[in-house]
Amino acid sequence: MSAAVVLMAYGSPERLADVPAYYRDIRGGRPIRPELMADLVERYRLLGIEDESPLNAITEETRAALERELGDIPVFTGMKHWTPRISDAAERALEVGADTVVGLVLAPHFSSMSIAGYRQQLEDALAGRAELAFIESWHDEHRFVDLLAERVRGTDAHVVFTAHSLPARILETGDPYKDQLLETSQLVASTAGVENWSFSFQSESQTGEPWLGPDILDHLVELESQGVCDVLVCPVGFIADHLEIRWDLDHEAADKARELGLGFARIEMPNADPRLVGVLAGLVRRVLAVPSKS
Ligand code: FEC
């Protein structure tokens, strides 16, 4: 067997000029209100991605470290909404002679509106030319849980676990996303011995339909009214310094907390931490021992 990994990320614009095309890709051809486009460009501008993206550099660092860790298995990055595309990564894996491709997403929780989309893109690109060993979720990997637990252990603050919201209609089809998020949160809290914790969603989009809640901004109001003084946010649904972390939490949620008189901090994201890379390598080795049919 000759294997390769397609390591998939949501994707982030490489420079400010890319933002409109990136947003159009996310919307998949559906119209974008001009004010929403302007707002997104402005958020990326304020994060300082004029000429290069620190987030894409983190993804590359993670890819290179995973490849080193795996030794003789090449790893190619494929982005869901930017370049290099998942299809580019699949072609590169086939070019080096892979007959088994491991599909691994840099997001731990499964949803039909998230991970299933990555899988579809990879399956379409491979088109049966290699066996696909796809990792559906890794939200309960104990070394991932330990890594997060270390970052909240010993805090006196109320810990708020968060993840990207999704349209609430996913619950009607038995989607496991919310349950997996609560499971990760529960595991991290119990491993760290944290008793004061709760969960909220963040980063919902304005798409004109209800999204899963509570949203963190409303949740902070609720916590303050319950007498909580300090909050530590642990975004279990993300592993890197995305726009959702550096803008939605570090600016929007932090401003809201300040307005409410709440102390506010967030954990450092795993990014390319060698322990996270160890978790990813473990997943690849495990799935290759028993490859699944695509
Ligand atoms: O540059 C960066 O660091 C940001 C990358 C980024 C990540 C991310 C993660 C998730 N999203 C999920 C679902 C949706 C749905 C919509 C949606 C919209 C956006 C927009 C941007 C964006 N997302 Fe994202 N998401 C990231 C970036 N996301 C930019 C558009 C502007 C906005 O609405 O704020 C709504 C699409 C639509 O309008 O039809 C749905 C989910 C995740 C977590 C799983 C994953 O990482 O794949 C779920 C990172």
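Keep in mind it's a predicted model, so treat the numbers as computed, not measured. All ligand and atom numbering here is 1-based and tracks the order in the structure.
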Can a donor-acceptor pair be found between the side chains of [X] and [Y] at a distance below 3.5 Å?
X	Y	value
Asp25	His81	yes
Asn56	Glu60	no
Thr162	Gln202	yes
His242	Ser12	no

Keeping [X] on the side-chain end and [Y] on the backbone end, is there a donor-acceptor pair under 3.5 Å?
X	Y	answer
Thr83	Arg85	no
Arg27	Arg24	no
Asn271	Asp241	yes

Taking non-hydrogen atoms only, is [X] closer than 4.0 angstrom to ligand 1 via side chain, backbone, both or neither?
X	answer
Lys80	neither
Phe201	neither
Leu166	side chain
Leu243	both
His242	both
Arg27	side chain
Arg246	neither
Leu40	side chain

Below 4.0 Å from ligand 1: does a non-hydrogen atom of [X] turn up there or not?
X	value
Trp82	no
His81	no
Gly11	yes
Arg43	yes

I'd like to check which ligand 1 atoms, numbered from 1 as shown, lie under 4.0 Å from a non-hydrogen atom of [X].
X	value
Ser205	16 (C), 17 (C), 18 (C), 32 (C), 33 (O), 35 (C)
Trp211	15 (C), 16 (C), 35 (C), 40 (C)
Tyr118	45 (C), 46 (O), 47 (O)

Practice task
Measure from atom 24 (Fe) of ligand 1 to each N, O or S atom of Ser203 and report whether any distance is below 2.8 Å.
Solution key: no
Exercise for the section: Could you tell me if the ring centre of Trp211 sits under 6.0 Å from that of Phe201? Expected result: no
Practice task
Look at atom 23 (N) of ligand 1 and say which protein heavy atom is nearest, naming residue and atom and giving the distance to 0.1 Å.
Solution key: Tyr10 OH, 2.9 Å
Fill in the blank from the handout: heavy-atom search around atom 8 (C) of ligand 1 in the protein gives Glu244 OE2, 3.2 Å
Exercise for the section: Among His164, Glu183, His139, find the one that has a side-chain contact (heavy atoms from CB on, under 4.5 Å) with His109. Expected result: His139
Completion exercise
d(Ser87 OG, Leu122 CG) to nearest 0.5 Å is 9.5 Å
Handout entry: Option nearest atom 3 (O) of ligand 1 (shortest heavy-atom distance, choices Leu55, Asp39, Asp248)
Key = Leu55
Handout entry: Option with minimal heavy-atom separation from atom 13 (C) of ligand 1, where the choices are His164, Glu204, Gln206
Key = His164
Handout entry: Shortest non-hydrogen separation from Val231 to Val228 and the atoms involved
Key = CG2-CG1, 4.0 Å
Exercise for the section: In plain terms, say whether Glu141 and Arg143 are close enough for a salt bridge, that is, a side-chain N and a carboxylate O under 4.0 Å apart. Expected result: no
